[in-house]
Amino acid sequence: MAPVETTAEFEEMVSGTQRKYYMLGGKGGVGKTSCAASLAVKFANNGHPTLVVSTDPAHSLSDSFAQDLTGGTLVPVEGPIAPLFALEINPDKAREEFRDVSQKNGGTGVKDFMDGMGLGMLADQLGELKLGELLDTPPPGLDEALAISKVIQFLESQEYNMFTRIVFDTAPTGHTLRLLSLPDFLDASIGKILKLRQKISSATSAIKSVFGQEGPRQDASDKLEKLRERMIKVRELFRDTNSTEFVIVTIPTVMAISESSRLRASLTKESVPVKRLIVNQILPPSASDCKFCAMKRKDQTRAIEMIQNDPELSSLLLVQAPLVDVEIRGVPALQFLGDMIWK
């Protein structure tokens, strides 16, 4: 039996002028970037000043718009009616920034960091806190979190408060989930550092005032503290049902759908709102199938039935996006795709 054809209910996505965030996620290779870029184009064509952001190091957003977006700054996209800007954030750069914070004074970073807070004598006993690892090798998911917090910073500034729709093309599944548990991780680590620092700072402040050594090292822990605050903001944003929606993108294969089901379960566990499931690359209807297409179609129908019986996915709005016979590059192609998906 043919699955029930539902629309993406784009009216609901496009209505209202309060700022809304759409995060598109799923495993690699399912077409997240095309879906995200086409959604951004459609928002802009419906009068929303829109920002589309990719935190995926593969630079696929640049490919999608056929425009170089790699500078880490907002680039205007030509074509849509309302302003559309795109931003590709390089996670490695974000990671370097993080590492600079922890290694302000060259050397081993952590040891300096601890010394700078008057914790030199404790630094050795702190081995079991694994602070060294925290500061010198950033935790997984951090690059993505930094990227998103950078976007939040952009949006807080006066010149960018015009954007009413923000679309994120997120890195493949695992990263996004680790990103959500990151504030807890940082909380624990930074919390430990700050507690220690407070305990000891009163004792050492007398000494410090004699030697006048208070400068840049203070800076490192403040930056970590700021980072933590931004991470918490990122997480709150992800969980805000009024302004955020996570859209899962998948393809009609058993493997992809199993992964989508796990993704949905994890997002639910992290209380991230999910309403829509985009099933991309569906074979368009045809009067005459070759053997290959007939098999493929059967396979896809089976996968879609699997969604309808999956406890995690069956409650989502199922949106079917066709497999298209051209590569989707540039605004006109994205507009064409968007009109097929976001109905």
Side-chain angles (χ1 to χ4, degrees), residues 6-26 29-56 60-67 69 74-89 148 151 155 162-172 176 237-238 243-251 260 263 267 272-282 316-324 327-343:
T6 51
T7 68
E9 296 181 9
F10 183 72
E11 289 77 38
E12 186 235 342
M13 300 172 82
V14 82
S15 69
T17 51
Q18 78 157 101
R19 175 178 289 167
K20 287 195 181 145
Y21 298 83
Y22 286 89
M23 321 261 178
L24 276 74
V30 295
K32 287 188 299 292
T33 303
S34 300
C35 287
S38 67
L39 177 59
V41 168
K42 187 141 191 180
F43 277 142
N45 279 334
N46 278 271
H48 280 288
T50 302
L51 172 61
V52 57
V53 183
S54 173
T55 52
D56 191 340
S60 39
L61 200 60
S62 290
D63 295 337
S64 214
F65 281 107
Q67 202 175 328
L69 311 168
L74 305 197
V75 180
V77 173
E78 297 298 313
I81 295 163
L84 171 59
F85 281 78
L87 168 67
E88 242 177 13
I89 289 184
I148 291 178
V151 172
L155 294 172
M162 60 171 195
F163 292 115
T164 51
R165 290 292 177 274
I166 289 90
V167 179
F168 282 101
D169 170 27
T170 65
T176 310
L237 175 70
F238 263 92
S243 68
T244 303
E245 183 188 326
F246 196 101
V247 180
I248 298 176
V249 183
T250 192
I251 50 176
S260 302
L263 173 58
L267 289 168
V272 177
V274 185
K275 286 185 204 164
R276 291 168 174 82
L277 172 69
I278 309 289
V279 185
N280 197 13
Q281 300 178 13
I282 300 241
L316 297 176
L317 192 59
L318 175 64
V319 181
Q320 297 189 33
L323 179 66
V324 285
E327 200 178 357
I328 300 292
R329 283 198 71 189
V331 171
L334 288 165
Q335 205 167 322
F336 161 76
L337 183 70
D339 287 340
M340 291 195 292
I341 304 178
W342 310 104
K343 292 204 271 270

With sequence neighbours left out, the residues meeting salt bridge (Lys or Arg N to Asp or Glu O under 4.0 Å) with Asp63 are none
Salt bridge (Lys or Arg N to Asp or Glu O under 4.0 Å) against Arg276, all qualifying residues, sequence neighbours excluded |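 For Arg276, the residues satisfying salt bridge (Lys or Arg N to Asp or Glu O under 4.0 Å) (neighbours in sequence not counted) are Glu12, Glu245.
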side-chain hydrogen bond (donor to acceptor under 3.5 Å, both in side chains) involving Thr244 - partner list, sequence neighbours excluded |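 Listed in chain order: nothing, the list is empty.
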Partners of Ser260 by side-chain hydrogen bond (donor to acceptor under 3.5 Å, both in side chains), sequence neighbours excluded?
->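 Ser260: side-chain hydrogen bond (donor to acceptor under 3.5 Å, both in side chains) contacts with Thr250.
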Do [X] and [Y] make a side-chain contact, defined as non-hydrogen atoms from C-beta onward lying under 4.5 Å apart?
X      : Y      : answer
Val52  : Phe168 : no
Tyr22  : Ile166 : no
Phe65  : Leu334 : yes
Pro76  : Leu84  : no
Leu317 : Glu9   : yes
Gln67  : Val77  : yes
Val274 : Ile248 : yes

Could you go step by step and tell me if Ile251 and Val279 meet the side-chain contact (heavy atoms from CB on, under 4.5 Å) rule?
-> CA-CA 5 Å; Ile251 50 176; Val279 185; 5.8 Å; no
Looking only at non-hydrogen atoms, find the nearest pair between [X] and [Y] and report the distance.
X      : Y      : value
Leu51  : Phe163 : N-CD2, 3.7 Å
Cys35  : Ile278 : SG-CG2, 4.1 Å
Leu237 : Ser243 : CD1-OG, 4.3 Å
Glu88  : Leu61  : OE2-N, 3.1 Å
Lys32  : Thr170 : CE-O, 3.1 Å
Ser34  : Ser64  : CA-OG, 4.1 Å

Check whether more than 12 heavy atoms from other residues, nucleotides or ligands sit under 6.0 Å from atom CD of Glu327, and answer yes or no.
-> no
What residues form a side chain to side chain contact (heavy atoms under 4.5 Å, CB included) with [X], not counting sequence neighbours?
X      : answer
Val14  : Phe10, Phe43, Asn46, His48
Ala36  : Leu24, Val167, Asp169
Pro273 : Thr241
Asn45  : Val41, Pro80, Ile81, Gln335

What distance do Thr7 atom OG1 and Lys343 atom NZ have between them, rounded to the nearest 0.5 Å?
-> 8.0 Å
Could you tell me the separation between the CE atom of Met23 and the CG atom of Leu267, rounded to the nearest 0.5 Å?
->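 Here the rounded value is 10.5 Å.
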Residue pairs meeting salt bridge (charged side-chain N to carboxylate O under 4.0 Å, His left out), one or both in residues 14-25, sequence neighbours left out, come to none
Mind jotting down which residue pairs meet the salt bridge (charged side-chain N to carboxylate O under 4.0 Å, His left out) criterion with at least one end in residues 36-52? Sequence neighbours excluded, please.
-> Lys42-Asp339
Steps toward side-chain contact (heavy atoms from CB on, under 4.5 Å) verdict (Val324, Met340) = CA-CA 10 Å; Val324 285; Met340 291 195 292; 3.3 Å; yes
Do you know which of Val249, Leu316, Val319 makes side-chain contact (heavy atoms from CB on, under 4.5 Å) with Leu277?
->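 Among Val249, Leu316, Val319, the one meeting side-chain contact (heavy atoms from CB on, under 4.5 Å) with Leu277 is Leu316.
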